[in-house]
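Have a look at the structure below, then the notes.
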Amino acid sequence: MSGLTRIGDRPFCLAGSVACIASSPDGRLIAAGTGFGDEIVVWERTTGKVVARARQGAGSVVFASNDELWFAYARLFRWDLSKKEPEAVGGELGYPIAIAPRNRWIAASGRPSESFGVEILDASSARTVQRIADHGKTVRSLSFSRDERWLAMGFEDSAAIVEVASGRSRPVPVPSKGTGVQVAFSPTDDRLLIGRVVADELLVASHDGAIESTMELPNNLDTFIWAPDGSRLAVAFNHGEICLLAFPGGQVLSRTPKRGHDAAIAFVDQGRLIAESGHHAIGFIDASTGDRLAEGEGHDDGVSALSVSPDGLLLATAGGFDMTIRLWSTLDGSHVHTFRGHSNGVRVVAFSPKGDALVSGARDGALRCFDVRTFRERFVVDRAHDGADVTAVAWMADGSSIATMGQDGRVVLRDPDDGRVAREIRSHAGTSTLESPGLAVSPDGKLIASVGVQGDLRVYQLSTCREVFSREGATPPVVSFAPDAPWLAFRVDSDVVVVELPGGREVGKHTFASPSRIALGPEGVLAAVSHASSVALFDLKRGAIRCTWGPEHGIPTEVAFAPDGRLAVGYAHGSAALIPVPDRELTRAEKRDRKRQAALASVTALVDKLAEHREMHGYRDAPRASDLDADGCGVRLSRSGVELHVRVTPLQEGCSVQLTVGVQDRDAGAADSKLAGLIGWLSRKIGRTKLEADELAWLTEALGERPPAGSAVVRDRGAMIVTIPLSELPTPQRLEQWVRGIGSRVAR
């Protein structure tokens with residue numbers, strides 16, 4: 001994505017939800033993979049720098065050495081990090097996978113078409129050395145014993161221990177409650193832990209599967225891992241907490257709230273850190289204290305809303321998970337301030353028309369207004385919509401009031417000083433805890449549009465509250481006004497429909513892949529965020545897609561246009577970007593006109609440079625580019641009778657530029673002798689029917705190099721005309737050479 005300016009970006013971010021994490025043996029590298037996001041990334045742990053990236057999904061990942069890792073999703077891959085792409089090995093093998101403690105063996109689960117078997121491969125040659133008998137069950141977890149003799153396997157409702165050399169297995173009893181079974185051998189002895197997801201205990205067994213004891217857990221299990229020294233366990237609990245537990249006693253050593261719903265965890269740096277998955281990123285916890293380490297200035301989870309200040313210098317982003325609003329400079333992406341106060345995820349945020357205030361609404365039902373200059377809170381309305389979520393906010397164009405909408409279906413106007421209700425515009429039928437109704441105010445402040453949870457779109461004239469347009473079957477929360485036209489865009493299923501108000505004439509329609517957010521920009525550009533993890537720009541005037549950005553920089557969640565036309569995009573991993581909108585493809589006539597304008601710009605630069613040169617040699621009243629007429633013609637370079645005419649001539653394919661040096665007065669002997677000499681020389685040469693070798697040599701000297709390919713030098717009615725194809729127009733450096741050559745000739 002060219003021209004991408006990251007704002008509040010954090011390291012260790014992925015395009016999709018994190019499914020697995022692993023650390024290299026020396027702790028220098030961190031690898032993480034996404035299942036459905038089709039991405040695996042390797043970072044340098046201390047700097048966050050990306051070492052390697054591949055477009056492959058990963059449900060399980062392990063390091064075989066400091067520079068080689070294995071991962072699996074629909075297939076098993078080995079990746080030498082010195083190479084750009086991973087290598088697919090084996091047959092139809094998937095996750096989970098496990099590596100033996102001395103990195104000799106790799107165990108991988110079979111896919112359904114392979115009857116869920118387990119294969120053990122030699123890690124150096126990738127050859128299969130053992131196929132474990134078909135258990136006919138989905139494998140949930142795999143773990144090698146310390147001496148590499150045994151492989152433990154956890155299934156949906158049972159477990160087994162297999163002797164690697166012979167392939168013989170024996171069942172292991174597991175508790176009846178819970179779902180998938182997780183197994184893990186201790187890294188320091190032969191004890192085996194067995195647990196079930198959504199169960200509150202772990203079984204401690206010997207290497208032969210005999211149950212020795214039960215370890216009570218403080219809550220229902222999500223996943224667990226051993227610390228490298230075998231004395232502690234990191235446990236992610238189903239209710240949203242990551243705890244460090246002592247083994248074997250089970251005492252809680254530290255507690256840390258989980259950042260997201262995912263539960264991938266790994267010990268890092270010889271057990272001093274715990275890496276945890278968020279929604280689209282990984283973070284780190286100090287294993288001794290439970291404190292979460294600083295991870296940059298981005299949001300802890302996805303950007304749920306964004307707004308650009310009217311002057312385009314600030315960007316506000318709202319965190320749907322971390323309950324904050326963050327302010328950024330659009331000049332360099334630096335963090336300006338973080339607004340706090342909401343007790344639940346922030347859903348909407350909007351700058352005032354003057355850019356001095358910021359209003360936000362959240363899932364806690366509160367409406368808050370902040371002063372952008374002092375960073376103080378102006379007011380708070382705790383129950384803005386009778387306790388329902390505040391789902392949309394919009395300022396009137398003159399700043400006289402704030403429109404808010406909630407899941408209670410009400411649209412109201414509020415006083416911008418204290419948030420009190422001034423009047424109610426509309427009450428939509430029905431309420432919902434799932435959908436987010438949409439709200440938008442026209443740029444001129446005369447119209448307000450809202451979409452209820454049942455899909456009833458209504459547009460009202462604010463001065464009279466009279467309905468001027470309505471449409472049933474719209475899909476909330478997608479609604480947007482254009483900044484420079486009386487257009488309104490809204491979603492109807494997978495279509496984004498654009499109408500002209502007040503009549504409602506349809507001016508455009510395009511089908512996107514389930515658009516979740518849209519924004520109308522200048523000159524009829526429509527931006528849409530798709531559930532297919534992409535942002536598309538649609539040119540309404542031409543009825544064509546201008547460009548599409550994929551998820552390589554993250555999963556987009558929100559879009560908005562800045563006043564200068566750039567596109568602001570929020571991402572699911574907590575950062576944002578400002579993207580220059582590319583120009584649309586021009587018609588042939590428009591391309592020719594732009595070439596003509598570019599040619600004229602080059603010519604005017606030449607005229608000004610030539611004037612500067614003449615002034616340096618003592619000539620007064622040297623004409624400037626401002627003396628050119630609309631056609632780029634008619635510049636008198638001297639009162640002594642020499643004219644330089646410049647004309648940009650449209651041709652069938654492109655343009656040409658003509659520089660014409662003409663003589664008006666051939667008896668200008670009273671002028672400066674040097675200039676008179678040049679006039680006389682030109683008079684004699686132009687009088688002939690064609691230019692001879694010495695004249696062409698002079699022209700070459702004047703240009704400072706050979707004339708551009710395709711140039712023509714001809715005589716026409718007492719003038720010498722140099723015609724240059726547009727494709728050969730001089731660069732500023734070549735223009736400078738031309739001026740120097742011509743100036744040196746005039747100065748002789």
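The structure displayed is predicted, hence computed values, not measured ones. Starting from 1, each residue takes its place in the sequence as its number. Reckoned from all heavy atoms, side chains included, excluding hydrogens, waters and symmetry mates.
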Inter-residue atom distance [X].[atom1] - [Y].[atom2], 0.5 Å rounding:
| X | Y | atom1 | atom2 | value |
| --- | --- | --- | --- | --- |
| Leu488 | Leu447 | CG | CG | 9.0 Å |
| Lys258 | Asn238 | NZ | CG | 6.5 Å |
| Ser360 | Leu367 | OG | CG | 7.0 Å |
| Trp79 | Glu85 | CH2 | CD | 7.5 Å |
| Asp408 | Asp389 | CG | CG | 10.0 Å |
| Gln461 | Phe469 | CD | CZ | 15.5 Å |

[Y] side chain reached by [X] side chain, heavy atoms, under 4.5 Å:
| X | Y | value |
| --- | --- | --- |
| Ile30 | Ile21 | yes |
| Tyr571 | Val303 | no |
| Leu567 | Val569 | yes |
| His385 | Gln407 | no |
| Leu537 | Leu526 | no |
| Glu39 | Arg55 | yes |
| Lys446 | Ser463 | no |
| Ile545 | Asp539 | no |

Requested in this report: Walk me through it: do Ile282 and Trp43 pass the test side chain to side chain contact (heavy atoms under 4.5 Å, CB included)?
Outcome: CA-CA 11 Å; Ile282 63 175; Trp43 298 272; 4.0 Å; yes

Query raised in the report: For residues Ser442 and Asp444, is any side-chain donor paired with an opposing acceptor at under 3.5 Å?
Result: yes

Query raised in the report: Will you find, in the side chains of Arg414 and Thr404, an N or O donor that is under 3.5 Å from an N or O acceptor?
Result: yes

Main-chain N/O of [Y] paired with [X] side-chain donor or acceptor, under 3.5 Å:
| X | Y | value |
| --- | --- | --- |
| Ser480 | Ala489 | no |
| Ser60 | Pro96 | no |
| Arg368 | Gly341 | yes |
| Thr557 | Ser304 | no |
| Trp549 | Ser534 | no |
| Thr330 | Gly312 | yes |
| Ser530 | Ala513 | yes |
| Arg546 | Pro582 | yes |

Are [X] and [Y] close enough for a salt bridge, meaning some N to O gap below 4.0 Å?
| X | Y | answer |
| --- | --- | --- |
| Arg326 | Asp322 | yes |
| Asp356 | Lys354 | no |
| Glu523 | Lys541 | no |

Requested in this report: Check each of Asp484, Val479, Leu540 against Leu520 using the side chain to side chain contact (heavy atoms under 4.5 Å, CB included) test, and report the only one that passes.
Outcome: Leu540

Report summary line: side chain to side chain contact (heavy atoms under 4.5 Å, CB included) test vs Ile425 passes for just one of Leu462, Leu439, Val412, namely Leu462

Check side-chain contact (heavy atoms from CB on, under 4.5 Å) between [X] and all other residues, then give those that pass, not counting sequence neighbours.
| X | result |
| --- | --- |
| Ser309 | Asp311, Leu314, Phe351 |
| Val61 | Cys20, Ala22, Ala31, Ile40, Leu69, Phe71 |
| Ser516 | Val529, His531 |

Would you name the heavy atoms of [X] and [Y] that are closest together and state the gap between them?
| X | Y | value |
| --- | --- | --- |
| Val459 | Ala449 | CG2-CB, 3.8 Å |
| Ile325 | Ala316 | CG2-CB, 4.4 Å |
| Ser575 | Gly8 | CB-O, 3.5 Å |
| Arg491 | Ser514 | NH2-CA, 4.3 Å |
| Ser329 | Val336 | N-CG2, 3.6 Å |
| Leu306 | Ala560 | CD1-CB, 3.3 Å |

Report summary line: With sequence neighbours left out, the residues meeting ring pair (Phe, Tyr, Trp, His ring centres under 6.0 Å) with Trp328 are His335

Report summary line: Sorted by chain and number, sequence neighbours left out, ring pair (Phe, Tyr, Trp, His ring centres under 6.0 Å) with Phe512 holds for His510

Report task. For side chain to side chain contact (heavy atoms under 4.5 Å, CB included), just list the numbers for Tyr460 and Val468, CA-CA rounded to whole Å, side-chain angles, deciding distance to a tenth of an Å, and then say yes or no. Result -> CA-CA 6 Å; Tyr460 289 88; Val468 297; over 6 Å; no

Report summary line: So the salt bridge (charged side-chain N to carboxylate O under 4.0 Å, His left out) pairs with at least one residue in residues 458-475 (sequence neighbours excluded) are Arg458-Glu467, Arg458-Glu472

Report task. Would you check, one step at a time, whether the test side chain to side chain contact (heavy atoms under 4.5 Å, CB included) holds for Trp487 with Val499? Result -> CA-CA 6 Å; Trp487 290 358; Val499 298; over 6 Å; no

Query raised in the report: Taking it one step at a time, do Phe490 and Val496 satisfy side chain to side chain contact (heavy atoms under 4.5 Å, CB included)?
Result: CA-CA 6 Å; Phe490 54 93; Val496 175; over 6 Å; no

